[in-house]
Amino acid sequence: MEDEAEIYDGIRAQFPLTFGKQSKAQTSLEAIHNTTRRNTSATVSEKSSSAQNNNGLPSISSSSKAWLESLRTSKNPNTHVSGDSGPSEITRDVDDGPRIGPPRPPTELKLNDDSDDNDDDDAMVGPPPPPPRGEGSDDDEDDDGEMIGPPRPPPNSNLDDSDVEEEEYEENRYRIPQSNEIVLKGHTKVVSALAVDHTGSRVLSGSYDYTVRMYDFQGMNSRLQSFRQLEPFEGHQIRNLSWSPSADRFLCVTGSAQAKIYDRDGLTLGEFMKGDMYIRDLKNTKGHISGLTCGEWHPKNKEMILTSSEDGSLRIWDVNDFKSQKQVIKPKLARPGRIPVTTCAWDREGKSIVGGMGDGSIQIWNLKPGWGSRPDIHIENSHSDDITALKFSSDGTILLSRSLDGSLKVWDLRQIKKPLKVFDDLPNNYAQTNIAFSPDEQLFLTGTSVEKESQTGGLLCFYDRTKLELVSRVGISTTSVVQCAWHSKLNQIFATSGDKSQGGTHILYDPTLSERGALVCVARAPRKKSVDDFEAKPVIHNPHALPLFRDAPSRKRQREKILKDPLKSHKPELPITGPGFGGRVGVTQGSLLTQYLMKQGGMIKETWMEEDPREAILKYADVAAKDPKFIAPAYSHTQPEPVFAKSDSEEEDK
């Protein structure tokens, strides 16, 4: 046994200790999240959102962070704080000149006036240092070191105590997760549809490039690649995507007249029927007859779906019956005709339906026994252009509407004569621009489009529901922002963007506030190749590569050479109508060589065209009388003299 142990140890000594073990990534989570941290210059905010900095400071804005740093190191008025410009620069040291790099360590910040380190500071160049706070006594400085509560602002700061308190209150109240960002790429055009399942594990994105991409946070690594790509209808843009309440299926709405149902893995379960376009009454058709504009799954019932179309109707479908719809809703119109329904939505409980019309009106139907196409609430001329999105609040009293006229309106359904608030200056160039609520519904958000002459990119605007005012504007991309969503379980914000040449889905999150989702896939490094992944390239023997089995060479060059030859490429002459010789048309010069020679030698004379037929026959009369060859010898014995028949004209006269 001892010998075997020695042999084993000797063999084991030839291999490293980590042999056969999968090496794990040594990168810390803090370093990973630092790589995805957003640039502060990309955020244009009215009141900065909460963020956790790397120095362990509380959740404060960047401006507050600057003067907090200055307060920590400004107890000695002759010291210099570097790293930030503006009010945090107090003075310069003569010995060191302009300070570059990190600030001095705390050991240099001494308050002892008798120390030798501060002797050189008496010869000061430049403006005098600012006077110490208070009366200049050491007691005040000692009191500052024992300060309890939020620190006081610096002397040259323009912020008042009330402004700081209000800012911190707003930040702690909303806590928008926007410190970090990742982008799900893959589309070649603007991403016009977005759907995140209720568990927060899978994300769907649809684009104007006719494809739907499926992402799985649990299976993705830091490369952020989709695991499946679908093309529901060739040549049709993706208009909307919606998960079922149980998240086992999803609805795909495209520019065609038929919506499709897929399972969770992207396999087609069926498509709804298309109606007969020659039937005038839409209630008699079995489906939509024009392109779809929007569609949404029932929030409670996983068997019911709502769709809207350009044919001017809304339809409720049963998922188990793809042959015909369950209910047809014809909106109320000011004049006869067909006006497209641009968007539709359910309320939170699925008891009401809202539809946005192409004429700018909003119509709401309550699902009750005996309900029909007559709307319960009709808001005329709510917008001056097409409505792109409608959103109910959870209590069903507030309705948000977004339109192509560049506005967002807040409606109280108990008083619909005029909106509660109108937010303008929100450019919108896409018919799929939507609205979303925060998980607690204190905020609602929407995206903006990029105008041609504008220098700002696509923004995500946050509004307070109670105060009805703008809270923050977050820069997302240089392209237009179309769809947005704030997931309640993940506490992460999704925003789609793009233009004619690119598209992506931006995910905003905060490592201290968000859960799972982007945090899972960002921290997962791509799998490294191991020895087991090695595959020797096999030698492929192709029998058809031998000269015997090779295909015939291409005749393309030979055909091009023949086409350039005037004789070989000469088009054959068309046949000419008329008599000829030998069964062929012989009127041309080059028909047959024999005919050509006979014509030239005078053996063939074509004179029949110029002669009279009667004269041509009578010229052989004398020859036939003298030398009968054909008919006359046959009657020489029986009828030597020809007997002609007598005329019957006399008998006819009688």
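Everything quoted here is computed from the prediction, not taken from an experiment.
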Can you tell if the side chain of [X] reaches within under 4.5 Å of the side chain of [Y], non-hydrogen atoms only?
{"X": "Ile353", "Y": "Ile364", "result": "no"}
{"X": "Leu519", "Y": "Tyr509", "result": "yes"}
{"X": "Ser454", "Y": "Pro427", "result": "no"}
{"X": "Trp365", "Y": "Val354", "result": "no"}
{"X": "Asn491", "Y": "Glu515", "result": "no"}
{"X": "Phe233", "Y": "Gln258", "result": "yes"}
{"X": "Val410", "Y": "Pro419", "result": "no"}
{"X": "Arg315", "Y": "Ile329", "result": "no"}

**Message:** If the threshold is 4.0 Å, N to carboxylate O, is there a salt bridge linking Arg264 and Asp197?
**Reply:**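 Yes.
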**Message:** Check this for me, if you would: do Arg465 and Asp395 make a salt bridge, where the nitrogen-to-carboxylate-oxygen distance has to be below 4.0 angstrom?
**Reply:** yes
Less than 3.5 Å apart, any donor N or O on the side chain of [X] or [Y] sitting next to an acceptor on the other?
{"X": "Ser242", "Y": "Glu296", "answer": "no"}
{"X": "His506", "Y": "Thr496", "answer": "no"}
{"X": "Arg348", "Y": "Ser394", "answer": "no"}
{"X": "Asn428", "Y": "Thr433", "answer": "yes"}
{"X": "Ser403", "Y": "Asp385", "answer": "no"}
{"X": "Thr188", "Y": "Tyr208", "answer": "no"}

**Contacts of type side-chain hydrogen bond (donor to acceptor under 3.5 Å, both in side chains), residue Trp411, not counting sequence neighbours** =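 Scan of Trp411 (side-chain hydrogen bond (donor to acceptor under 3.5 Å, both in side chains), adjacent residues dropped) gives Ser401.
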Minimal non-hydrogen separation, [X] against [Y], with atom names:
{"X": "Ala495", "Y": "Leu460", "result": "CB-CD2, 4.3 Å"}
{"X": "Tyr430", "Y": "Ser449", "result": "CD1-OG, 3.8 Å"}
{"X": "Trp317", "Y": "His288", "result": "CZ2-CD2, 4.0 Å"}
{"X": "Arg213", "Y": "Ser226", "result": "NH1-OG, 3.0 Å"}
{"X": "Val328", "Y": "Gln325", "result": "CG2-NE2, 3.2 Å"}
{"X": "Cys461", "Y": "Leu426", "result": "SG-CD2, 3.9 Å"}

**Request:** Go through the steps for Tyr262 and Glu271 under the test side chain to side chain contact (heavy atoms under 4.5 Å, CB included), then give the verdict.
**Result:** CA-CA 9 Å; Tyr262 292 88; Glu271 64 180 7; over 6 Å; no
**Request:** Start with the C-alpha gap between Phe462 and Trp486, add the side-chain angles, then the distance that decides, and say whether side chain to side chain contact (heavy atoms under 4.5 Å, CB included) holds.
**Result:** CA-CA 11 Å; Phe462 295 82; Trp486 192 334; 3.8 Å; yes
**side chain to side chain contact (heavy atoms under 4.5 Å, CB included) partners of Thr293, counting only residues at least two apart** = Arg239, Ser308, Glu310
**Item:** Contacts of Val212 that satisfy side chain to side chain contact (heavy atoms under 4.5 Å, CB included) - sequence neighbours left out
**Value:**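 Once residues adjacent in sequence are excluded, the partners of Val212 under the side chain to side chain contact (heavy atoms under 4.5 Å, CB included) criterion are Leu230, Pro232, Ile238, Leu241, Cys252.
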Output yes when a side-chain donor or acceptor of [X] lies under 3.5 Å from a complementary backbone atom of [Y], and no otherwise.
{"X": "Asn381", "Y": "Ser384", "value": "no"}
{"X": "Lys391", "Y": "Phe437", "value": "no"}
{"X": "Asp347", "Y": "Ser352", "value": "yes"}
{"X": "Glu441", "Y": "Ser393", "value": "no"}
{"X": "Ser244", "Y": "Arg249", "value": "yes"}
{"X": "His487", "Y": "Val196", "value": "no"}
{"X": "Ser382", "Y": "Gly360", "value": "yes"}
{"X": "Ser309", "Y": "Ser290", "value": "yes"}
{"X": "Thr479", "Y": "Ser497", "value": "no"}

**Message:** More than 12 heavy atoms of other residues, nucleotides or ligands under 6.0 Å from NZ of Lys260: yes or no?
**Reply:**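 Yes.
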**Request:** For Lys330, look at atom NZ and say whether over 12 heavy atoms of other residues, nucleotides or ligands are found less than 6.0 Å away.
**Result:** yes
Say you draw a straight line from [atom1] of [X] to [atom2] of [Y]; how long is it, rounded to the nearest 0.5 Å?
{"X": "Met357", "Y": "Thr342", "atom1": "CE", "atom2": "OG1", "answer": "7.5 Å"}
{"X": "Cys294", "Y": "Ile387", "atom1": "SG", "atom2": "CD1", "answer": "12.0 Å"}
{"X": "Leu314", "Y": "Gln327", "atom1": "CG", "atom2": "CD", "answer": "10.5 Å"}
{"X": "Lys189", "Y": "Asp209", "atom1": "NZ", "atom2": "CG", "answer": "7.5 Å"}
{"X": "Thr446", "Y": "Leu408", "atom1": "OG1", "atom2": "CG", "answer": "5.5 Å"}
{"X": "Asp386", "Y": "Thr343", "atom1": "CG", "atom2": "OG1", "answer": "11.0 Å"}

**Message:** I'd like to check the salt bridge (Lys or Arg N to Asp or Glu O under 4.0 Å) partners of Asp425; sequence neighbours left out, ordered by chain and number.
**Reply:**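 None.
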**Item:** salt bridge (charged side-chain N to carboxylate O under 4.0 Å, His left out) partners of residues 374-383, not counting sequence neighbours, each pair once
**Value:**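 Of all non-adjacent pairs touching residues 374-383, those that pass salt bridge (charged side-chain N to carboxylate O under 4.0 Å, His left out) are Lys368-Asp376.
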**Prompt:** Where do Lys351 and Asn366 land on the side chain to side chain contact (heavy atoms under 4.5 Å, CB included) test, with the steps shown first?
**Reply:** CA-CA 6 Å; Lys351 296 181 179 179; Asn366 296 326; over 6 Å; no
**Message:** So, applying side chain to side chain contact (heavy atoms under 4.5 Å, CB included) with Asp311, which one of Ile339, Val341, Leu292, Ile289 is it?
**Reply:**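 Result: among Ile339, Val341, Leu292, Ile289, Ile289 is the only option passing the side chain to side chain contact (heavy atoms under 4.5 Å, CB included) with Asp311.
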**Request:** Kindly determine whether Leu443 and Ile176 satisfy side chain to side chain contact (heavy atoms under 4.5 Å, CB included), including the steps that lead there.
**Result:** CA-CA 10 Å; Leu443 301 176; Ile176 302 174; 4.1 Å; yes
**Request:** Tell me, please, which residues at least two apart from Tyr463 pass ring pair (Phe, Tyr, Trp, His ring centres under 6.0 Å).
**Result:**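 In terms of ring pair (Phe, Tyr, Trp, His ring centres under 6.0 Å), with neighbours along the sequence ignored, Tyr463 is linked to Phe423, Phe444.
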**Request:** Answer yes if the ring centres of Trp243 and His198 are under 6.0 angstrom apart, and no otherwise.
**Result:** no
**Prompt:** When the ring planes of Phe494 and Phe217 are compared, do they come out parallel, tilted or perpendicular, using 30° and 60° as the limits?
**Reply:**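 Rings of Phe494 and Phe217: tilted, as their planes differ by 30° to 60°.
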**Message:** Run Arg202 and Asp216 through salt bridge (Lys or Arg N to Asp or Glu O under 4.0 Å) and show every step you take.
**Reply:** CA-CA 5 Å; Arg202 292 203 172 178; Asp216 188 359; 3.6 Å; yes
